[in-house]
Amino acid sequence: MNNYMIGIDIGTTSTKSVLFTEQGSVVSTSTQEYPLYTPAPNVAEQDPEEIVQAALRSVRGVMDQSGVAAEQILFVSCSSAMHSVIAMGQDNKPLTRCITWADNRSAAWSAKLQENGLGHRIYLRTGTPIHPMSPLTKLMWLRHDEPELFESTAKFISIKEYLFFRLFGQYVVDHSIASCTGLLNLEQLNWDAEALEVAGITPDHLSKLVPTTHILEGMNLELAEKMALSPSTPFVIGASDGVLSNLGVNAIEPGVVAATIGTSGAIRTVVDRPVTDPKGRTFCYALTENLWVIGGPVNNGGMLFRWVRDEFAASEVETAKRLGINSYDVLTKIAERVRPGSEGLLFHPYLSGERAPLWNPDARGSFFGLTLHHQKEHMIRAVLEGVIFNLYTVLLAMEEQIGQPTSIQATGGFARSPLWRQMMSDIFNQEVVVPESFESSCLGAVVLGLYATGRIQSLHAVSSMVGTTHRHTPIKEDAVLYQELLPIFIRISRKLEEEYADIAEFQRKMSLPRL
């Protein structure tokens, strides 16, 4: 009888389950989408129960598609988006929606924490930059702006913790998700006393800390049936999506960098001890007790290509529908008409503020260099280039700590676009390799699961599961051109700090209801 494994990845806009053979081959996939609730400019929430149901349906989907029997499943292992907060009441019911990484309501408390150096000291111990994405600043906001809700909360948990509570009735959090909260002392692998004091909570308000290899058994019978799994199926708690993506593309050797562009984006590398940045620009999150991932996340990735499609390309979308082809492929073909550099048109992709490298929730997007000569195709290409330029500036900050990388492993939805992949190689001026599997976080989750259950002795076993589908080398003249534009791109965002703050404040005023 063959053995199989399931990786679950709880993302910002959907939850995906992938069924793998024990050798790492994909058998079936199932994705379930859900809404992101944004009733006001600074609000970005999800319904926790909608996500749980999406997880259940996605697992059921891969089981139904494959015809694999429940007893053939070795384990399920879980990847999850970071930085979410759910306030749970004494009755173990949510008091709030899931407050996501994209929620900016704690921006004022983030700024306050940065003012006196306290925030930077906490960052150096906890590895999570001081920013509204951080659960630490979200807790500060709840404590001071929603005091009644805060006082009535029994537990503050993430969306992954909520899923495991629903499945197993336990409040547990892996070191990886915990290291993304701004509350975990990385050296001690325990809650940081000063961070907890700033947040106004005690360890009792948080889940039990466990390794990323922790295994849970004794699943809720009803929920197991909904997933077509045996109630005895072990669940490996797993880690965060970012660190598991590195594992899933075999970017765990020193000097190997993983660049991911999905809805948002990130660039990361693995080190053997916790490392934080004296300038506070990069994160440090746990993969295992002996492996840590440093890097930087960007808010603005593939969702900007969707924004271009939805706001600028109605006619192109209609054409694609009539021809039965992908609308993104049509837009890519249009962008290919334009020379690299978009003839001097730069796009700063800060449509939802920015995390790395600016760590500025007030940053705003802009086109720079527009002339009457520029047309729609220039703007489309400039948006794609702007996303890569921004990611490259994060790599420049990382290079101060790790030196120049030895290779770039690219993954995420953007990797389906030959144009975008070549842009990355040209802008980074380095070879870019695209692993065979696009399901990097799910694959990383099941490799960690194999390690947790003792079926492999080293995470390096992933190397036999990851092939190569694309390899891009820099086009010399294009790389030179991009290097000429990059300093201009960087200087503009640095010079506009005051203007970003002023326009963001104006936008906040305009969003208030008229009296």
Does [X] reach the main-chain N or O of [Y] with its side chain, forming a donor-acceptor pair under 3.5 Å?
{"X": "R268", "Y": "V293", "result": "no"}
{"X": "W109", "Y": "K138", "result": "no"}
{"X": "E385", "Y": "Y482", "result": "no"}
{"X": "T100", "Y": "A44", "result": "yes"}
{"X": "Y34", "Y": "S14", "result": "yes"}
{"X": "T212", "Y": "L287", "result": "yes"}
{"X": "Q32", "Y": "G61", "result": "no"}
{"X": "T38", "Y": "V43", "result": "no"}
{"X": "T126", "Y": "I122", "result": "yes"}
{"X": "S134", "Y": "H131", "result": "no"}

Compare every heavy atom of [Y] with every heavy atom of [X], then report the nearest pair and how far apart it is.
{"X": "M424", "Y": "I388", "result": "CA-CG2, 3.7 Å"}
{"X": "V249", "Y": "S440", "result": "CG1-CB, 3.6 Å"}
{"X": "A178", "Y": "L184", "result": "O-CB, 3.5 Å"}
{"X": "G444", "Y": "L247", "result": "O-CD2, 3.3 Å"}
{"X": "T473", "Y": "S425", "result": "C-OG, 3.1 Å"}
{"X": "F156", "Y": "E161", "result": "O-OE1, 4.4 Å"}

Test W141 against I99 for side-chain contact (heavy atoms from CB on, under 4.5 Å), laying out the working first.
CA-CA 12 Å; W141 167 71; I99 305 170; 4.1 Å; yes
Straight-line distance of [X] [atom1] to [Y] [atom2], nearest 0.5 Å:
{"X": "Q409", "Y": "T260", "atom1": "CD", "atom2": "OG1", "answer": "10.5 Å"}
{"X": "L183", "Y": "L136", "atom1": "CG", "atom2": "CG", "answer": "5.5 Å"}
{"X": "I177", "Y": "D241", "atom1": "CD1", "atom2": "CG", "answer": "7.0 Å"}
{"X": "D9", "Y": "S58", "atom1": "CG", "atom2": "OG", "answer": "9.5 Å"}
{"X": "S342", "Y": "Q375", "atom1": "OG", "atom2": "CD", "answer": "12.5 Å"}
{"X": "E484", "Y": "L481", "atom1": "CD", "atom2": "CG", "answer": "6.5 Å"}

Are any of the side-chain heavy atoms of [X] and [Y] separated by less than 4.5 Å?
{"X": "I334", "Y": "R337", "answer": "yes"}
{"X": "Y500", "Y": "N360", "answer": "yes"}
{"X": "L419", "Y": "R381", "answer": "yes"}
{"X": "I427", "Y": "F389", "answer": "yes"}
{"X": "I8", "Y": "S77", "answer": "no"}
{"X": "S179", "Y": "T128", "answer": "no"}
{"X": "L486", "Y": "I490", "answer": "yes"}
{"X": "L186", "Y": "C284", "answer": "yes"}

Taking only residues two or more places apart in sequence or in another chain, which ones pass salt bridge (Lys or Arg N to Asp or Glu O under 4.0 Å) with K279?
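Only E400 meet the salt bridge (Lys or Arg N to Asp or Glu O under 4.0 Å) criterion with K279.
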So for atom CD, which belongs to E431, do other residues, nucleotides or ligands contribute more than 12 heavy atoms lying within a distance under 6.0 Å?
yes
Should we count CD of E33 as having more than 12 external heavy atoms under 6.0 Å?
no
Yes or no on side-chain contact (heavy atoms from CB on, under 4.5 Å) for L345 and F367, after CA distance, side-chain angles and deciding distance?
CA-CA 7 Å; L345 180 61; F367 285 99; 4.1 Å; yes
Chi angles and distances behind the side chain to side chain donor-acceptor pair (under 3.5 Å) call for Q114, H120:
CA-CA 7 Å; Q114 289 175 320; H120 188 64; over 6 Å; no
Between the side chains of [X] and [Y], does any donor sit under 3.5 Å from an acceptor?
{"X": "E343", "Y": "H373", "value": "yes"}
{"X": "Q401", "Y": "T282", "value": "yes"}
{"X": "S84", "Y": "W101", "value": "no"}
{"X": "T12", "Y": "T263", "value": "no"}
{"X": "Q46", "Y": "E50", "value": "no"}

What's the verdict on salt bridge (Lys or Arg N to Asp or Glu O under 4.0 Å) for R508 and D362, showing C-alpha distance, side-chain angles and the deciding distance?
CA-CA 10 Å; R508 283 190 283 269; D362 289 340; 3.1 Å; yes
Lys/Arg-Asp/Glu bridge criterion (N-O < 4.0 Å) met for [X], [Y]:
{"X": "K160", "Y": "D174", "answer": "yes"}
{"X": "E316", "Y": "K376", "answer": "yes"}
{"X": "E115", "Y": "K112", "answer": "no"}

Test log, rule side-chain contact (heavy atoms from CB on, under 4.5 Å), inputs V257 and I402
CA-CA 10 Å; V257 168; I402 64 166; 4.2 Å; yes
Go through the steps to decide whether E318 and R322 satisfy the test salt bridge (Lys or Arg N to Asp or Glu O under 4.0 Å), and finish with yes or no.
CA-CA 6 Å; E318 279 302 313; R322 284 199 311 272; 5.1 Å; no
Determine, using ring centers only, whether F414 and F305 are less than 6.0 Å apart.
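Not under 6.0 Å, so no.
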Run through E499, Q507, H348 and flag the one making a side chain to side chain donor-acceptor pair (under 3.5 Å) with R364.
Q507
Show your working on side chain to side chain donor-acceptor pair (under 3.5 Å) between S106 and T137 and close with a plain yes or no.
CA-CA 6 Å; S106 65; T137 66; 3.0 Å; yes
Would T15 and T31 satisfy side-chain contact (heavy atoms from CB on, under 4.5 Å), going step by step from the backbone distance to the final call?
CA-CA 6 Å; T15 286; T31 300; over 6 Å; no
Report the C-alpha separation of N390 and Y350 in whole Å, then their side-chain angles, then the decisive distance to 0.1 Å, and conclude whether the side chain to side chain donor-acceptor pair (under 3.5 Å) test is met.
CA-CA 9 Å; N390 192 48; Y350 310 132; 3.2 Å; yes
I want to check a possible cation-pi pair here: R97 against Y37, using under 6.0 Å from ring centre and within 45° of the ring axis as the test.
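The answer is yes, since R97 meets both limits relative to Y37.
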Do any pairs count as a side-chain hydrogen bond (donor to acceptor under 3.5 Å, both in side chains) and have a residue in residues 292-310, sequence neighbours left out, and if so which ones?
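Every side-chain hydrogen bond (donor to acceptor under 3.5 Å, both in side chains) pair that includes a residue of residues 292-310, provided the two are not neighbours, is N299-R355, N300-S352, N300-E354, R309-Y328.
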